[in-house]
Amino acid sequence: MTRAQESPSPSGDVSPPPPPPFTQDMPVVMVAGGAGYIGSHVVEHLLSLGVYNVVVFDNLSTGHSDAVPSHPNLRFVQGDVRSDSDLDRVMEAYPVEYVMHFCALSLVGESVSQPLKYYDNNVVGTLRLLEAMVRHSVPHLVFSSTAAVYGQAQPEPIREDTPTIPLNPYGGSKLACEQMIRWTCEAHGLKAVALRYFNAAGASATGDIGEDHHPETHLIPLILQVPNGKRDNIKVFGTDYPTEDGTCVRDYIHVSDLASAHALALGHLAQTQPGFNAMNLGYGRGFSVRDVIDHARSVTGEAIAAVDAPRRPGDPPTLVAEAGRAREVLQWVPENDNLDSIIGSAWKWHESHPDGFKK
Ligand code: UDP
């Protein structure tokens, strides 16, 4: 994949020249955080639809420029969501109709030790973005949210009206963003949808983009580091949870199904009244850590060593979605509800890119 056309860095004394205009007259979607894992898959999907111009806005702190494709309907602007001038630059250069907001720090453990870093990046970033949207009269927002807003939710499966009591600053920061968005919709007539992902996993069928976090903390990429020769074993964090096999249960959802839900959310926002709606994205069924390791063994054909380890702080035993609202309101029909194909697509990416996007 070639690197996208890029405007110069916003840092420095001289203002960068405005990025080139689009040649086709289509609605402009600004994807803040479009160089990250989920954002880049959404961008790929939006471009495949051929009905949107896409501006990827990313500071590349955790995203990858190689995750942003060269495409006639895409422009890349390097900038920070907390910077008024960066946001003004992109919203003055393009007639943005929709914003998708993926810019966030998302490591639960780090958020516990550095909560203010999370509130600065996630909450202040969303605050500045909302201010810019109001300033430039951008009416539509799709916000990347998380099941972490629920905390240790009971009963299962989790509905959108299940009480939100986050267990960690990451979930707390995302919930604060949702509340800020809700009030902004009421005051300024915005339309917004927050999509609460359960466990995003897998990679694009193209094999060109996939998950590449530093450090990596997520279960499936870590498991696949074992057959890739990057680690000796996978640690199972906690074997005494109140679940069938004692390990945590999660609702793993293919990133391609997340991408299709985001595109449907744009169509929904175009038709709906001002206001805010939150929707879960998951399949409504859970797999334990041991289940996931077993499936990875069968997909890769490798004996993957697993070692029991203590619980990881902040992990709820079970998180499974009830995603009827997304199916009903967005007409979302997931197509990859199969753990083997989720792990298979991730394996295709990791096997061919053992060092991620690093050349
Ligand atoms: N997990 C594990 N070993 C690891 C990484 C994760 O046992 O090396 C467990 C983790 O404790 C949780 C599940 O796998 O129960 C999913 O964790 P992940 O970080 O992928 O997603 P989260 O549910 O935290 O969003």
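Atoms within a ligand are numbered from 1 in the order they appear, just like the ligands themselves.
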Which of the ligand 1 atoms, numbered from 1, are nearer than 4.0 Å to a heavy atom of [X]:
{"X": "Y252", "value": "13 (C), 16 (C)"}
{"X": "L222", "value": "5 (C), 8 (O)"}
{"X": "I234", "value": "8 (O)"}
{"X": "D315", "value": "10 (C), 11 (O), 12 (C), 15 (O)"}
{"X": "V236", "value": "7 (O)"}
{"X": "C248", "value": "15 (O)"}

Got a second to check how far [X]'s [atom1] is from [Y]'s [atom2], nearest 0.5 Å?
{"X": "C177", "Y": "R182", "atom1": "SG", "atom2": "CZ", "result": "13.5 Å"}
{"X": "E160", "Y": "Y150", "atom1": "CD", "atom2": "OH", "result": "5.0 Å"}
{"X": "L175", "Y": "M180", "atom1": "CG", "atom2": "CE", "result": "11.0 Å"}
{"X": "L330", "Y": "S260", "atom1": "CG", "atom2": "OG", "result": "9.5 Å"}

Which heavy atom of the protein is the closest neighbour of [atom], given with residue, atom name and distance?
{"atom": "atom 4 (C) of ligand 1", "result": "F237 CE1, 3.3 Å"}
{"atom": "atom 9 (C) of ligand 1", "result": "V289 CG2, 3.8 Å"}
{"atom": "atom 3 (N) of ligand 1", "result": "K235 O, 2.6 Å"}

The one among T217, T247, T318, N199 that brings a heavy atom closest to atom 5 (C) of ligand 1: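 Among T217, T247, T318, N199, the closest heavy atom to atom 5 (C) of ligand 1 belongs to T217.
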
Qualifying residue, where the test is side-chain contact (heavy atoms from CB on, under 4.5 Å) with S341 and the options are L339, I343, N338, D337: N338

Ligand 1 N/O within reach of [X] N/O, cut-off under 3.5 Å:
{"X": "H218", "result": "no"}
{"X": "R312", "result": "yes"}
{"X": "L219", "result": "yes"}

D58 side chain vs A35 backbone, donor-acceptor pair below 3.5 Å: yes

Modelled atom types, side-chain donor and acceptor of E110 and Y118, under 3.5 Å: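 Yes.
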
Centroid-centroid under 6.0 Å between H41 and F102 rings: no

Centroid-centroid under 6.0 Å between H45 and H262 rings: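 Between H45 and H262, the centre distance exceeds or equals 6.0 Å.
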
Residue portion contacting ligand 1 (non-hydrogen atoms closer than 4.0 Å) for R250: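 Only the side chain of R250 comes within reach of ligand 1.
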
